[in-house]
Amino acid sequence: MRCNGGLAEEVADNVRSFPATKDFHPRICLLIDTALLYLLLFLGLPLVAVFVEAFSKGWSLYLSALNEPDAWSAIKLTFITAAIAVPANLVFGIAAAWCIAKFEFKGKSLLITLIDLPFAVSPVVSGLVYVLLFGAQGWFGNWLQAHDIRLLFAVPGIVLATIFVTFPFIARELIPLMQAQGKEEEEASISLGASGWQTFWLVTLPNIKWGLLYGVILCNARAMGEFGAVSVVSGHIRGMTNTMPLHVEILYNEYNFVAAFAVASLLALLALVTLLVKSLVEWQARRSGEPLHGEVK
Amino acid sequence: MSITIENLNKHFGAYKALDNINLEVNSGELLALLGPSGCGKTSLLRIIGGLELADSGKLLFHGEDVKQRDARERNVGFVFQHYALFRHMSVFENVAFGLRVKPRKERHSEAEIKRRVHELLGLVQLDWLADRYPAQLSGGQRQRIALARALAVEPKILLLDEPFGALDAQVRKELRRWLRRLHDELHITSIFVTHDQEEALEVADRVVVMNKGKIEQIGTPDEVYASPATPFVYQFIGNVNLFHSREHAPWTQQHGDAVAYVRPHDIEISNTPQDNTSLPVEVKLVRAIGSIVRVEVAVDASSEFIEIELSRERFNLSPLANGDKAFIRPRQFRVFETGVQNELSAA
C-alpha cells in the first residue's frame, strides 16, 4: 500500500493474488509511477499549456480573439463539416457493418480492407487524391469546370475530405460488435413475420445503440479536429474555407499566439467534452449490460 | 400441415451438406432429425424454415411449393439453440413481437395482444416473468419463452434447432417431457434437431437418422433402435458390440467377410457352453450401474472388450467376478457385409 494513486493500489491488489509476483511489488509501483509521469508530461502538460497561453493576456483578449468574424466563420464551418460528415458515415458505417457481420459474400475481405484504408493512408495523401481527382488539372477537373461545380477550395471539398478520413470510425466500431451478436435475433425476427426494416429498427439498432454512439463520438472528434486532408483541399481562404484547426495554424504563423491558443483552447475543450461523453456512454453501456466493442458477456 | 421434401441438395462451397434428401413429414407429428454434428440436420431444418436456400430439389407445405416464399411468409415458428431472445425487450415484449409486427390491417388491438401474450405465457407456465428481461432468466426459462414467442404467430409448423442443447442434463430431461406434453396439446407439425439419441427416442413420434448429408433411416423410435437399417444407425443409437467374421467365425462364417452387430443386452452369458456357437471369454470388469450390471469380457487371445448388459436379477442368479471364465452367445444379432445387409436371428 505504499504506492500512491488508487490505480496503483488496484493493480497491486490484483498482482498480490499471484504469489510468484509478490516480490515485484515495488517494481510494479515504479512502473505505474513512470507511466503516470509520462502521461502527465506528454499529455497533461500540453493541455494545461494551451489554456495558460490562451489566457496569458487576460479574459478580454481571449474573448476578443474568439469574437472575430474569421474565427466565427471557422467555428461555423467546423460544425457544418462535422454535421454532414458524421451522419454520412453513420449511414455508411451501419450499412457496411450490417453487410459484413450478418452476410457472407464474395469480396468481403476486400470491403473490410477498403474501410481500413483511411486509417492506413496519411491524411495529406487523402487530400492530395482529391486534388488529383477534382482539381483543375485533375481527372474530373474539366467536367466539373464545364458544369460550374466547385469542389476544391470550397466547402464541398472539405466535407468530402473529412468524410474520407473519418470513414472507418463507425464501421470499425460496429463490425466486431455485430459479429459477436450473431444473426440469430434477426433470423428470429424474420421468422416471426417482421420485414427487413422492422427487424433493423426493432432488433438490430437497439442492440448496437451504445456501440454506435461510441463510434459517432469518435468520428465526430476526428471530423472536428482533422487537419491534414482538409488543409490540402481547403485553400485556406479566410472567412470561407478555414476550419478551426486551419485557423489555428494561420494565426500561429502570423505570430498571433493569444488568438491561436484561444481557438486551440476551444478545440481542446471540445476534445474534453468528447472524452466526458465517451466515458458516460461507456458507463451507461456497462450499466445496461450491453457490451461495447463486441465483447461477449 | 404436412411437409414434403424431394431430392433436396445443398452445398457449402465444395462441401455437400445435404445429399438428395427425400422426406415426408405427416401433419401433426413430432419428428426428430438425429445425427452427429455436421450431418446436415440443422441445414435441413433451416431450409425448411426459409433461413437457408436449397441448391435444388422440392419443398412443399401441404402440397404447395414454398421454395419462393421467404422465411417471413412461411408461417413457421423457429426455436434456436441459444434462444435468440431479443435482449433489450422484456419477456412480454418478446412474446408480443410477432403480433406487433403484423401489417396494420391484420394487427390485433392492444388489449387482444395483451390477452394472447398472457395466455401463451400461461401455456409455458411463466406468466410471472412477464416484466423480466432475458438476461435475468435461467436457460430453461429462456427456451420456454422462446417457444411461447414462436407460438404467438400461430405457426402451422414448429421448427426447433437443438432446443435443449445448451441446457444442463436435469433441465433438459424436464423440458423434453414438457415439450412432448405441449405437442400432444397443440398438435402442430413439429421438427426438432438433436444429436442426443435418448432425446430423440423419448420425445419423437418418428426419428430421421442422418449422417454425412444423407438420411440413413426413417422410423419410429422403436424401429430405429430395434432394427437399425445400417451399421451407422446401429452404432449411433445405443451401444453395440462388433464381431468380425475372421475372428468370431461361429456366428458369421457363412457370410464371408462381414461384421456382426450385437446390442449389449442381447448377449447371454453363462458358466457353461450352451451350444457349439458359444464363445469362451474371460470376465474383465463387472460394474453395477443403477438398475443394470455391465460386464466387460474379453474373448481369449483378443484385446478387444465386449460389453454385456444384464438386469440385476439376472446377474444375481449366477454372479460373476473379475477373472471368471464364461461363455457368451448372442440372442439376436445382425450381419452387415460390404454394402449388403442380411438380417439374422440366432436360433
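Here is the naming used below: chain letters follow the sequence lines, and residue numbers restart at 1 for every chain.
Contacts of B:Ala152 with chain A are absent, with no heavy-atom separation under 4.5 Å from either backbone or side chain. Contact annotation for A:Ser195: both backbone and side-chain heavy atoms come within less than 4.5 Å of a heavy atom of chain B. In this structure, chain A has a heavy atom under 4.5 Å from the backbone of B:Leu85, while its side chain stays farther away. With a 4.5 Å cut-off on non-hydrogen atoms, B:Val76 touches chain A through its backbone but not through its side chain. Contacts between A:Glu185 and chain B at a heavy-atom distance below 4.5 Å involve backbone atoms as well as side-chain atoms. Heavy-atom distances place both the backbone and the side chain of B:Phe86 under 4.5 Å from chain A.
Separation of the B:Phe80 and B:Phe78 ring centroids falls under the 6.0 Å cut-off. Aromatic pair B:Tyr133/B:His88: ring centres not closer than 6.0 Å.
A:Thr162 and A:Glu226 share no donor-acceptor pair across their side chains, judged by distance under 3.5 Å alone.
The list of side chain to side chain donor-acceptor pair (under 3.5 Å) pairs with a residue in residues 78-101 of chain A, not counting sequence neighbours, reads A:Asn89-A:Thr166.
For the pair B:Thr194 and B:Glu199, the tightest heavy-atom approach, listed with the atom from each and the gap, is OG1-OE2, 3.2 Å.
Distance check: B:Leu30 CG to B:Ile188 CD1 gives 11.0 Å after rounding to the nearest 0.5 Å.
When the candidates B:Arg46, B:Gln81, B:Lys102 are compared by the number of heavy-atom contacts under 4.5 Å with chain A, B:Arg46 comes out ahead.
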